[in-house]
Amino acid sequence: MTARFEREVLRHLDAAYNLARWLTGENAAAEDAVQEACLRAFRFFDGQRGESPKAWFMTIVRNTCLDGLKASRSAHHEEYDDEIHGATLHDGHDVAAVRDSDARSLHACIAGLPREYREVIVLRELEELAYKEIGAIVGVPLGTVMSRLARARDLLQRRLLAQHRRRAP
Amino acid sequence: MNCARLSQVLDAWLDGELDATTGAEIELHLRGCAACARLRDGRTALAERLRTGALAYPAPAHLRTRVERAIAANAAPAPTRRGPTWWQAAAALGAASALGVAAGYWIGQPLPESFPGGPRIATW
């Protein structure tokens with residue numbers, strides 16, 4: 001293994017596993033996907049001339065995960081919930097709901113997001129990637145990254161609010 | 001800047017992805033619009049909650065070793081393909097000719113009367 005591969009790719013192993021874990025929903029599947037992604041990355045590393053090795057590697061990780069999900073047919077697709085989506089975010093109730101949410105319910109709300117929203121939340125909020133990098137990884141233009149993140153956060157807030165209301169006496 | 005436009009650009013602004021001019025328009029709107037200011041507060045609270053929620057899964061300790069072993073075992077980078085040099089080609093040709101001559105000589109020899117263990121032809 002070359003020192004350059006180690007320095008530019010393997011140092012992002014935590015980020016790779018985090019994305020894979022959120023996409024696959026399972027420890028074993030995430031480990032398998034990361035290993036396969038590393039093998040693919042190593043094979044094609046010499047031809048890689050992008051400006052962000054992390055974005056390049058994360059693209060491979062994402063594609064490997066999606067291949068695995070397609071193969072296992074375990075991808076669950078969740079439609080937008082109109083009832084939740086209808087709630088307003090301008091009255092300030094969601095702010096309290098977000099602040100009061102415990103780690104478990106927050107985790108459950110993210111895990112329950114449709115995949116296209118979940119992945120942008122993970123890439124932006126947990127991996128702190130720039131929109132340009134997210135666009136490269138997900139394969140969409142900047143405008144789509146922008147609107148997808150806004151909808152993802154909207155949906156997350158609405159679900160936390162709905163949970164908060166269910167818990168309230 | 002109106003409320004509809006603000007809801008489209010608020011996230012990108014909070015993420016530091018917009019230019020200063022648009023940022024100034026957003027700030028001006030937020031100062032005069034309580035509803036949009038609440039929307040901003042919700043986003044700020046969410047960002048804070050996500051940041052402190054310990055939501056990232058760190059890679060398990062054994063994964064790195066597993067990956068390094070897999071790479072060492074399976075993934076030699078594709079070698080540069082080059083044809084044989086002229087002397088390698090000549091040597092191969094020479095070896096093939098010598099083999100041909102030897103085989104021809106051997107085939108031309110009569111078989112002995114008894115050929116212990118005689119040649120067996122696989123029948124699969």
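By convention in this document, chain letters (A, B, ...) are assigned in the order of the sequence lines, proteins followed by strands, and residues within each chain are numbered from 1.
- No continuous path of ILVMFWY side-chain contacts below 4.5 Å connects Leu18(B) to Leu28(B), so the two sit in separate hydrophobic clusters.
- A donor-acceptor contact closer than 3.5 angstrom links the side chains of Ser52(A) and Glu133(A).
- Only the side chain of Arg124(A) comes within less than 4.5 Å of a heavy atom in chain B; its backbone stays farther off.
- At least one cation-pi condition fails for Arg151(A) and Tyr117(A): the charged atom is not both under 6.0 angstrom from the six-membered ring centre and inside a 45 degree cone around its axis.
- With chain B as partner, the option from Val122(A), Leu126(A), Val145(A) having the largest number of non-hydrogen pairs under 4.5 angstrom is Leu126(A).
- In this structure, the side chains of Leu149(A) and Tyr131(A) come closer than 4.5 Å at one or more pairs of heavy atoms.
- Between Phe45(A) and Trp56(A), the two ring planes are tilted [angle within 30° to 60°].
- At a 4.5 Å heavy-atom cutoff, the contact between Arg64(B) and chain A is made by backbone and side-chain atoms alike.
- Residue contact with chain B, scored on non-hydrogen atoms closer than 4.5 Å, involves the backbone and the side chain of Ala130(A) alike.
- Looking at heavy atoms from C-beta onward, His12(A) lies out of side-chain contact with Val61(A) at the 4.5 angstrom threshold.
- For a residue to count as touching a neighbouring chain, one of its non-hydrogen atoms must lie under 4.5 Å from one of that chain's; by this rule Leu142(A) does not touch chain B.
- Of the two parts of Glu31(A), the backbone and the side chain both hold a non-hydrogen atom closer than 4.5 Å to a non-hydrogen atom of chain B.
- There is no contact between Leu19(A) and chain B, counting heavy-atom distances below 4.5 Å.
- For Gln8(B), the part sitting under 4.5 Å from any heavy atom of chain A is the backbone (N, CA, C, O) and nothing else.
- Under the 30°/60° scheme for interplanar angles, the aromatic rings of Trp22(A) and His107(A) are found to be tilted.
- Taking chain A as the reference chain and counting heavy-atom pairs below 4.5 Å, the highest number among Ala47(B), Ala54(B), Ala56(B) is found for Ala56(B).
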